[in-house]
S.K.: 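Input: one structure, supplied below.
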Amino acid sequence: MALTLNVNGDRRGFTADPVTPLVDVLREQFHLTGVKPVCREGFCGACMVLVDDRPTLSCLMPAALAQDCEVRTVEGLAANGTLNPIQQALEACDAVQCGMCFPGMVVTLTHLMKATPGATRDDVRSALTGNICRCTGYESIVEAAVRALAAT
Amino acid sequence: MTTNPLLQSGPPGSFYIAPSLPAALDALSDYGAAGATFAGGTWIMRSPIRHEQLKPHYVAIGKIPELSAIRIGTEAIEIGAAVTHAALAAALAGLPEFGVLTAAAGRAANPAIRAMATIGGNLSASAFAAADCVPALLCLDAEVEIASRSDRERISLEQFLKMRSSLAPGRLLTRIVVPRSARRTAHARLPLRQSGDYPVAIVSLAVDVDPANRVQAVRIAVGSIEPVARRWVRLEAALLGHVLDPAQATEVAAELVDEFTGRDSVEVPAWYRVSVLPSLVRRAAIAALGS
Ligand SMILES: Cc1cc2nc3c(=O)[nH]c(=O)nc-3n(C[C@H](O)[C@H](O)[C@H](O)COP(=O)(O)OP(=O)(O)OC[C@H]3O[C@@H](n4cnc5c(N)ncnc54)[C@H](O)[C@@H]3O)c2cc1C
Ligand code: FES
Ligand code: FES
């Protein structure tokens with residue numbers, strides 16, 4: 001089936017089965033490898049992208065449903081090459097370890113900062129319920145988010 | 001990493017985003033057994049992991065206004081089948097009599113899943129034993145409406161659970177209807193982690209008590225223990241007419257718990273699921289009395 005997607009402001013057509021998970025299209029057609037297919041089950045959050053500004057698990061979204069939507073991946077979150085506030089805070093707090101979970105973390109937290117600027121530490125934890133990190137123990141990530149929120 | 005075979009050429013599937021209920025019913029009827037309803041997709045998209053074939057044709061119902069609406073009436077609430085967990089939890093937040101359903105919809109899974117997964121999909125995924133909304137709606141005496149191109153019928157949720165795996169092609173769950181009453185309700189679930197996991201066991205409770213907390217009417221439903229959630233009728237009978245005391249309810253539950261045969265799974269052994277039930281009854285009773 002011929003499909004067209006808008007990703008990070010780039011509009012491109014391709015052919016695929018309509019139920020192809022969006023994550024595969026992003027990686028293999030758009031070559032955006034920040035998005036990670038780790039569990040393919042909706043449990044880990046490594047494949048999180050923004051679809052029409054909503055955090056969405058791209059392993060569970062069929063490409064056909066993403067048509068006519070605005071898809072944004074981690075590669076599209078640093079406007080004009082400048083890291084956004086949450087990216088800067090994660091770097092400043094040295095929160096990243098292996099990095100596997102980070103594209104998803106950044107997407108979830110970027111949305112939280114925009115949607116809930118007054119978010120508390122508990123709100124940060126709740127928002128990250130679907131983002132699993134095997135390395136950090138989460139504290140440094142939550143701390144970075146709290147700092148970024150406090151600075152806005 | 002290997003290329004997803006769906007990106008390569010092969011027999012093309014189709015994906016129809018239905019603009020209206022009649023259009024969806026027509027498409028489902030035309031596709032017959034080769035087609036299926038696509039709601040939030042959080043169960044369907046994991047078919048390859050369960051080694052199940054995807055259907056050649058899907059009819060997406062998420063854009064149908066009638067199926068995405070929640071109507072809060074004086075006698076009952078009506079929930080469109082394509083309402084997401086997140087939307088349902090938000091809409092019912094101010095109605096304590098539906099606390100059990102708000103908790104089921106608002107605490108299941110994780111935020112991104114709750115924004116995708118629908119209540120209709122939760123009730124229709126017949127191989128999914130850990131569905132939170134099923135016991136919650138069982139204890140609220142919910143009914144469901146099923147439609148096809150030619151007819152509509154309203155049946156109890158209990159009946160639907162018996163026939164859902166053999167729902168004829170072309171038939172769609174359209175609405176869930178839940179009667180209103182001044183009951184107290186609670187949803188006690190035990191995930192392995194604090195949140196984000198499937199519940200090991202679920203106890204949903206709806207109870208009417210008099211001013212002395214004596215039980216006038218009670219519905220208790222148990223989920224995730226057996227393949228399909230069901231009412232715990234013997235426990236209901238044992239509590240009826242007595243003062244609802246969480247400690248006593250726990251003891252009675254422990255005496256009656258043998259009637260359940262737990263599901264074995266990689267996460268937990270069967271006995272464990274059953275063994276936590278009395279504690280969940282206690283938690284539900286405490287929460288209902290406090291509600
Ligand atoms: C990471 C993760 C965690 C989860 N945790 C929980 C949890 O804690 N508690 C819980 O309850 N659930 C949990 N779930 C399961 C989730 O709730 C179900 O996958 C979801 O409810 C199914 O709804 P859906 O709209 O996505 O259904 P779909 O995947 O679209 O459909 C599921 C099935 O139902 C059929 N169907 C859908 N809608 C209708 C309809 N209106 N009429 C007839 N048939 C229909 C479809 O054809 C398909 O067979 C979790 C899922 C994931 C991925
Ligand atoms: S790959 Fe999508 S949630 Fe894990
Ligand atoms: S930094 Fe390694 S998984 Fe999170």
Side-chain angles (χ1 to χ4, degrees), chain A residues 1-3 14-30 33 36-68 104 107-108 111-112 115-116 123 125-132, chain B residues 1-18 35-36 38-50 53-63 84-87 106-117 121 191-198 267:
Chain A
M1 184 170 166
L3 299 168
F14 57 96
T15 306
D17 191 295
V19 289
T20 310
L22 177 60
V23 61
D24 294 316
V25 174
L26 293 172
R27 291 178 61 88
E28 293 172 31
Q29 301 286 335
F30 287 79
T33 51
K36 309 276 187 257
V38 176
C39 70
R40 292 187 176 276
E41 282 219 77
F43 278 105
C44 75
C47 67
M48 196 80 80
V49 297
L50 295 175
V51 176
D52 285 344
D53 278 335
R54 279 200 304 272
T56 302
L57 298 161
S58 60
C59 66
L60 298 182
M61 172 163 250
L65 265 189
Q67 290 203 103
D68 304 322
V107 168
T108 300
H111 173 264
L112 179 74
T116 321
D123 295 331
R125 289 182 188 282
S126 302
L128 290 179
T129 312
N131 292 84
I132 306 289
Chain B
M1 191 154 299
T2 53
T3 300
N4 189 318
L6 293 172
L7 274 170
Q8 295 158 343
S9 57
S14 77
F15 197 91
Y16 172 56
I17 301 176
F38 191 104
T42 63
W43 184 256
I44 291 172
M45 292 298 283
R46 293 183 288 153
S47 304
I49 289 175
R50 297 190 300 270
Q53 289 277 339
L54 286 159
K55 291 275 186 185
H57 306 287
Y58 283 106
V59 177
I61 60 169
K63 299 257 189 315
T84 63
H85 285 60
R107 295 218 300 267
N110 60 50
I113 297 287
R114 293 197 290 271
M116 291 174 106
L192 287 180
R193 294 185 303 139
Q194 200 176 355
S195 56
D197 274 339
Y198 289 153
E267 305 102 59

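Order of the sequence lines sets the chain letters (A, B, ...), proteins ahead of strands, with each chain counted from 1.
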S.K.: Pick one of side chain, backbone, both or neither for A:A127, based on which atoms fall under 4.5 Å of a heavy atom in chain B.
M.R.: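 Backbone only.
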
S.K.: What part of A:M48 gets within 4.5 angstrom of chain B, counting heavy atoms only: side chain, backbone, both, or neither?
M.R.: side chain

S.K.: Compare all side-chain heavy atoms of B:M45 with those of A:P62 and state whether any distance is below 4.5 angstrom.
M.R.: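 When only atoms from C-beta onward are counted, A:P62 and B:M45 do touch, with a gap below 4.5 Å.
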
S.K.: For the residue pair A:S126 and B:P111, what are the closest heavy atoms and their distance?
M.R.: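 That closest heavy-atom pairing would be O-CG, 3.6 Å.
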
S.K.: Which heavy atom of A:F43 sits nearest a heavy atom of B:R46, and at what distance?
M.R.: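 That would be CE1-NH1, 4.3 Å.
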
S.K.: For B:I113, is it the side chain, the backbone, both or neither that has a heavy atom under 4.5 Å from a heavy atom of chain A?
M.R.: both

S.K.: In terms of heavy-atom proximity below 4.5 Å to chain B, should A:I132 be classed as side chain, backbone, both, or neither?
M.R.: side chain

S.K.: For A:T129 and B:N110, which heavy atoms make the closest approach, and how far apart are they?
M.R.: C-CB, 4.2 Å

S.K.: Are any of the side-chain heavy atoms of A:D17 and B:L54 separated by less than 4.5 Å?
M.R.: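 With C-beta onward as the side chain, the pair stays apart.
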
S.K.: For the residue pair B:A112 and A:P55, what are the closest heavy atoms and their distance?
M.R.: CB-O, 4.0 Å

S.K.: Could you tell me the separation between the CG atom of A:L3 and the CZ atom of B:F15, rounded to the nearest 0.5 Å?
M.R.: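 Between atom CG of A:L3 and atom CZ of B:F15 there are 10.5 Å.
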
S.K.: Can you tell which part of A:C44 gets under 4.5 Å to a heavy atom of chain B, answering side chain, backbone, both or neither?
M.R.: neither

S.K.: If you round to the nearest 0.5 Å, how far is OG1 of B:T42 from CD of A:E41?
M.R.: 11.0 Å

S.K.: List the atom of B:M116, the atom of A:L57, and the distance in Å for their closest heavy-atom pair.
M.R.: CE-O, 4.1 Å

